[in-house]
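Only this structure's heavy atoms are used, side chains among them; waters, hydrogens and symmetry mates stay out. Below, chains carry the letters A, B, ... as their sequence lines are ordered, and counting in each starts from 1.
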Protein chains: 2
Amino acid sequence: MADGGTKTGAGRVTIRTVAEDAGVSVAAVSKVMRNAYGVSEALRLKVEASIARLGYRPSVAARGMRGQTFTLGVLLVGIDNPILPLIYGGIEGVAEAAGYKIMVGVGAARMQTEARLIEQMLDNRMDGLILVASRIAGDVLERYARQIPIVVVGHHEPSARHFDTVNNDDRQGARIAVGALIDAGHRDIAMLALPHPEDHQANVSPQRERGYREAMAAAGLSSFARIVHMPQPEVPRHAEMTALLSGPDRPRAVFCWSDLDAIPLINVAHELGLRVPADVAVVGYDNSQVAAMPVVGLTSVDQDARGLGEAAARALLSRIGGRSEVSHVILHPRLVCRTSHR
Amino acid sequence: MADGGTKTGAGRVTIRTVAEDAGVSVAAVSKVMRNAYGVSEALRLKVEASIARLGYRPSVAARGMRGQTFTLGVLLVGIDNPILPLIYGGIEGVAEAAGYKIMVGVGAARMQTEARLIEQMLDNRMDGLILVASRIAGDVLERYARQIPIVVVGHHEPSARHFDTVNNDDRQGARIAVGALIDAGHRDIAMLALPHPEDHQANVSPQRERGYREAMAAAGLSSFARIVHMPQPEVPRHAEMTALLSGPDRPRAVFCWSDLDAIPLINVAHELGLRVPADVAVVGYDNSQVAAMPVVGLTSVDQDARGLGEAAARALLSRIGGRSEVSHVILHPRLVCRTSHR
DNA sequence: TGATTTACGTAGAACGGTGCACGAAGCCGC
DNA sequence: GCGGCTTCGTGCACCGTTCTACGTAAATCA
């Protein structure tokens, strides 16, 4: 009801329409919208009544030219990793409660695409940016961070000075996962990791590799430790996985850097006629929805994805609010036990 | 290289900076950017050189106030349905090739959230909108369509006059799926559908129900036909599925409206100790990635999600380009056979 | 009561582009 | 050598907000 007749050009209801309708100045309406200082109760009520009656909605474009857009940009590396919806949900919850909108940018994991997306967010005058599992190097981010508040999720940059980071403790998560396999009696435990990245310690996979090595060393199993690096994320990993599980030195247990690889690995085992966990035990990372399915039953490290999203949004809002000291948040992961590891 | 020093406020490089650098007027630069009529080769080269040298990027906000933003809004019902990345990929490919950016809005399947997102896209001055699997009623869409070009994917509105639709033939897809079950020798074939929607024929589930009934009737199996409507999408469907598969009148085969329900159903069967397909055969819809996993092996209808996205983007661009006659595209689905149906 | 502060409201200049109306050439034919 | 037509390029009025500076009325203090 009260359609407002918001047709482009013609009868579009702008801040001026509201001002006339309420019999006040344009600036007064603007003040009410931003609930700025210096507006009486009477004025506020009058203006709010007009806004409601006319169905006025401020133009983000016009806003962006001078002030804030009240919109946060969220960059997702891809849309297919099942952990992203959870992180996104956390971000959205906090942002919405604070009156902020979200604009999502979806980029393949290629660095060039990501940089393009950041520029695009800049062009669109976002108030701040959250990058989820970005591959962009720290110094590049520092440069962008001078132009816009940035929070990075799933990317370790503990020495960053101009942008914040939010992560789970990937080393600890890996230690817990490997510990569970050791407790279950396994000794010959391999790890499946991402291809070796250039920017070594920033990404999550290398962090989990460190935790893996530490746990193996602590149990005196360093001689069994071996890390298998998968090929590029694009190409199918089927052949490598088959090779790993069908060779003569097949490991008795595998810790995977992510469910994204653990679940295909279980499938390969199934194809080869290997029983999980009797012939090969598997633990993953991320506790994705598919992992929870009974036919999969994957034991996996839960990094509280929603909590990550919430922490990231809170950090970004406080930065937009003026904070300038850096903040690096670390959440603690926990293991969710199912049938695949013992 | 050539960082451009794009700091907010201070040295930001605007269209004016470029104009000065190239020694031409602001309007001339604007013309070059939009490659508008009336600009000589010499001028264009001069301006383009300056743009490249300064690293100039036009402000979307400022653009949106008068002209186009060259940005398309894409509304996804949620971020977790595995078919969405494919549709999105199709949209993106076509849009990018045409020089358009994409802004994604993610909304839970609640109608109110969706309407809010459309308004948000309007506020952001998108040039056009693609709604994927929206639940919004046709007449509401017609109203929005007067304000902005709209294309709807996965929502049948064959009589819509002011917005376009792109769909696969859901009736035909259902007939193919049921036909495969009949060919495999099944007679007692049930269908798992969404809860009864208010807006009956627009959503995909009712369309697939029609196809199911037609196929059963054509095979003289109408007496076996029964459609089980699941509860709301939010609540867990586990109890209903368990009831369906453990009752005395357990069906021998089930056609599911979507892999989203077919995969949980396979898991429930697994929990109950039922073998698939020996004890109960299953066919899904969407041919999602999880369906293709060997441990799942779900036979499913493939609706060429990428093709849907591409067709939608093409339709939207042609509407933005001025087309006013309505266009309703229908793609043909095909069955991907795996182990779950025979 | 007069001086000083405080609270409220307003006018008008930005912000960074677009698009219209117009003027200056250059080219033509006669 | 003078109208008429194109082809280019420019000046300027917008678009819908925010924000600074300022004026005025009410409240507080000496």
NZ/NE/NH1/NH2 to OD/OE distance under 4.0 Å, A:Arg306 and A:Glu310:
yes
Nearest-nucleotide pick for B:Ile15, side chain only, options being D:dT17, C:dG17, C:dG16
C:dG17
Roughly how far apart are A:Tyr100 OH and A:Met126 CE, rounded to 0.5 Å?
11.5 Å
Rounded to whole angstrom units, what separation is found between the CG atom of B:Asp123 and the P atom of D:dC15?
18 Å
Closest listed nucleotide, where the reference is the side chain of A:Arg66 and the choices are C:dA14, C:dG16, C:dG17:
C:dA14
Separation of C:dG16 C1' from B:Met33 CE (nearest whole Å):
12 Å
Whole angstrom is fine here: how far is it from CD in B:Glu20 over to P in C:dG17?
13 Å
Can B:Arg319 and B:Glu325 be counted as an ion pair, charged N to O under 4.0 angstrom?
no
Between B:Ser30 and B:Arg34: side-chain donor-acceptor atoms closer than 3.5 Å:
yes
Whole Å only: how far is the CD1 atom of B:Ile51 from the C1' atom of C:dG17?
13 Å
Do you see a donor-acceptor pair shorter than 3.5 Å between the side chains of A:Thr69 and A:Asp127?
yes
Quick test of your reading of the model: are B:Arg44 and B:Glu48 salt-bridged, counting only N-O distances below 4.0 Å?
yes
Using atom CZ of A:Arg57 as one end and atom P of D:dT17 as the other, report the distance to the nearest whole Å.
12 Å
Do the side-chain N or O atoms of A:Ser59 get closer than 4.0 angstrom to the phosphate oxygens (OP1, OP2) of D:dT17?
no
For A:His155 and A:Ser134, test the side chains for any donor-to-acceptor distance below 3.5 angstrom and give the result as yes or no.
no
Counting distance alone, no hydrogens or angles: does the base of D:dT17 have a donor or acceptor under 3.5 Å from a partner atom on the side chain of A:Arg63?
no
Nearest-Å distance for atom pair CZ/P, residues B:Arg125 and D:dC15
12 Å
In whole angstrom, give the distance that lies between atom OH of A:Tyr56 and atom P of D:dG16.
10 Å
Selected nucleotide, minimal atom distance to B:Arg16 side chain, candidates D:dT17, C:dG17, C:dT18:
C:dG17
Could you go over nucleotides 8-12 of chain C and give all protein N or O partners under 3.5 Å, atom names and distances?
from: C:dG9; atom 1: OP1; to: A:Ser40; atom 2: OG; distance (Å): 3.0
from: C:dG9; atom 1: OP2; to: A:Ser40; atom 2: N; distance (Å): 2.9
from: C:dG9; atom 1: OP2; to: A:Ser40; atom 2: OG; distance (Å): 3.1
from: C:dG9; atom 1: N7; to: A:Lys31; atom 2: NZ; distance (Å): 3.1
from: C:dT10; atom 1: OP2; to: A:Ser25; atom 2: N; distance (Å): 3.0
from: C:dT10; atom 1: OP2; to: A:Ser25; atom 2: OG; distance (Å): 3.0

Could you state the atom-to-atom distance from CZ of A:Arg34 to C1' of D:dT17 in whole Å?
9 Å
